[in-house]
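All residue numbers in this chain count up from 1 along the given sequence.
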Amino acid sequence: MATIIRLDPSRRRPGRNHEAPAGCRHANVICYTAWRLVCCTDCGAELDPFDVLVQMVKAAPPPAPKKEEALRLVEEVKRRRGGEPDQGPEAG
């Protein structure tokens, strides 16, 4: 997963390296906000911002359910089972 280590708001244009070397994981990136560019800090390659975003979203853990949602789920399970307690696989 790429980690944004810095947002660079300066107007200076970063050095461009369009070819990403084989083997670089692009683990750390800098976002140049004025130029709307994302560059790898290790190899200097210019990366597609959308690809970096998708990679970050895929690696992020899903949000935990809110307490109300969890309680509603438990109540729905109880309702569908007819109010019977969970007997588990051992009871049979």
Side-chain angles (χ1 to χ4, degrees):
M1 175 177 89
T3 303
I4 299 172
I5 61 168
R6 188 174 75 212
L7 293 175
D8 190 342
S10 69
R11 293 282 178 186
R12 67 179 170 83
R13 181 137 179 113
R16 300 183 106 186
N17 180 9
H18 294 288
E19 297 295 322
C24 185
R25 294 180 29 238
H26 309 303
N28 299 310
V29 298
I30 297 175
C31 296
Y32 295 94
T33 57
W35 294 96
R36 295 181 173 263
L37 294 175
V38 177
C39 296
C40 177
T41 59
D42 299 330
C43 68
E46 187 178 314
L47 307 173
D48 180 17
F50 186 77
D51 289 343
V52 173
L53 177 64
V54 168
Q55 181 185 15
M56 291 173 69
V57 169
K58 284 182 177 178
K66 295 184 176 158
K67 187 175 181 179
E68 298 83 25
E69 292 174 5
L71 290 174
R72 271 190 265 136
L73 178 63
V74 169
E75 290 300 318
E76 182 65 18
V77 169
K78 283 182 187 178
R79 185 185 69 76
R80 289 185 183 194
R81 289 186 178 164
E84 297 175 13
D86 184 19
Q87 295 177 356
E90 305 86 37

A.B. asks: Hey, what do you get for CD1 (I5) to SG (C31), rounding to the nearest 0.5 Å?
C.D. replies: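 So the gap between those two atoms works out to 10.0 Å.
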A.B. asks: Find the distance between CZ (R80) and CD (E76) and round it off to the nearest 0.5 Å.
C.D. replies: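 Nearest 0.5 Å value for the CZ-CD distance: 4.5 Å.
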A.B. asks: I need the L53 CG to I4 CD1 distance, nearest 0.5 Å.
C.D. replies: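 Separation between the atoms: 8.5 Å.
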A.B. asks: If two hydrophobic side chains count as joined below 4.5 Å and joins carry through other members, does L7 share a cluster with V29?
C.D. replies: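 Per the 4.5 Å side-chain linkage, L7 and V29 are co-clustered.
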A.B. asks: Quick check: closest heavy atoms across E46 and C39, and the distance to 0.1 Å?
C.D. replies: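 Nearest pair, atom of E46 first, then C39: CA-SG, 4.1 Å.
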A.B. asks: At what distance, to the nearest 0.5 angstrom, does NZ of K66 lie from CG of L71?
C.D. replies: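 Interatomic distance, K66 NZ to L71 CG, rounded to 0.5 Å: 13.5 Å.
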A.B. asks: May I ask whether V54 and L47 are part of the same hydrophobic cluster, defined by side-chain heavy atoms of I, L, V, M, F, W, Y residues being less than 4.5 angstrom apart, directly or through others?
C.D. replies: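 Per the 4.5 Å side-chain linkage, V54 and L47 are not co-clustered.
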A.B. asks: Please name the pair of heavy atoms, one in R36 and one in P49, separated by the smallest distance, quoted to 0.1 Å.
C.D. replies: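 For R36 and P49, the tightest heavy-atom pair comes out as O-CG, 4.1 Å.
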A.B. asks: Testing the basics here: between A34 and P9, what is the closest heavy-atom pair and its distance to 0.1 Å?
C.D. replies: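 Scanning both residues, the minimum pair turns out to be CB-O, 4.1 Å.
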